[in-house]
Student: 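What follows is a structure written as structure tokens; I'll ask about it next.
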Amino acid sequence: MVFEEIHGFFEGHGDDAYFGEKVSQKEHALQCAQLAVNEGASDALVVAALVHDIGHLLHDEGEDAADRGIDTKHEDDGYAYLKSRFPQEVCEPVRLHVEAKRYLCAVEPEYMSQLSEASQLSLRLQGGVMSPEEVERFRANPYAQDAVRLRHWDDAAKIHGLEVLGLEAYADRIEKCALV
Ligand code: FE
């Protein structure tokens, strides 16, 4: 079952710190999914919100990860894992969630100043603000708006000690969306 597998990744690395923030990886993922639920997002987008950073939790995938072409871009690691298990409605917003930050910095002047310090720092490493050409290309992706919604939840899912639904609450959604 895909849920069991995902549960295992959270068991392994869910308590890791979410870089530069006051929440763990698991708290961050659960808060992000909760925000998606609260907004009435589709099951696929709720699952995407839950697993958007799964690329950070896959480090036990094997020591030959680098040999298999998995680099440190966590959105690509996540996508590579998800694409054989979920439809594009789940995978594409995950793949695009970092690009969505670069996009929002380009089109919403207020957005960048609201980012946390850690997120502003990583922005530079992720390629900085999108150019007008990159903005056009991003907008052309049919999942761009889902990725932008996911990005807003991602940015807000950093509240220390917030009570949210547990991972088990997403088991049915995960199995319903899963391809396998
Ligand atoms: Fe995140």
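Keep in mind that this is a model prediction, so the values were computed, not measured. Quick note: numbers below take in every heavy atom, side chains included, and nothing from hydrogens, waters or symmetry partners. Start at 1 and go down the list; that is how both ligands and their atoms are numbered. One is the number of the first residue; the rest follow in order along the sequence.
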Student: Do N141 and E92 have side-chain N/O donor and acceptor atoms under 3.5 Å apart?
Tutor: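 A donor-acceptor contact under 3.5 Å links the two side chains.
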Student: Assess H28: does it contribute an N, O or S atom lying under 2.8 Å from the Fe ion (ligand 1)?
Tutor: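 Short answer: yes, at least one N, O or S atom is under the cut-off.
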Student: To the nearest 10°, how many degrees is the angle D154 OD1 to the Fe ion (ligand 1) to D53 OD2?
Tutor: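 The two atoms subtend 170° at the Fe ion (ligand 1).
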Student: I'd like to know if E134 and R137 make a salt bridge, using a cut-off of under 4.0 Å between side-chain N and carboxylate O.
Tutor: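 Salt bridge between E134 and R137, a charged N being under 4.0 Å from a carboxylate O: no.
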Student: Compute the centroid of each ring, for F3 and then for Y170, and state whether the two points are separated by less than 6.0 Å.
Tutor: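 No, the ring centres sit 6.0 Å or more apart.
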Student: Confirm or rule out an N/O/S atom of H52, from backbone or side chain, lying less than 2.8 Å from the Fe ion (ligand 1).
Tutor: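 Checking the Fe ion (ligand 1) against H52, an N, O or S atom does fall under 2.8 Å.
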Student: Could you tell me if the ring centre of H74 sits under 6.0 Å from that of H97?
Tutor: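 Yes; H97 has its ring centre under 6.0 Å from that of H74.
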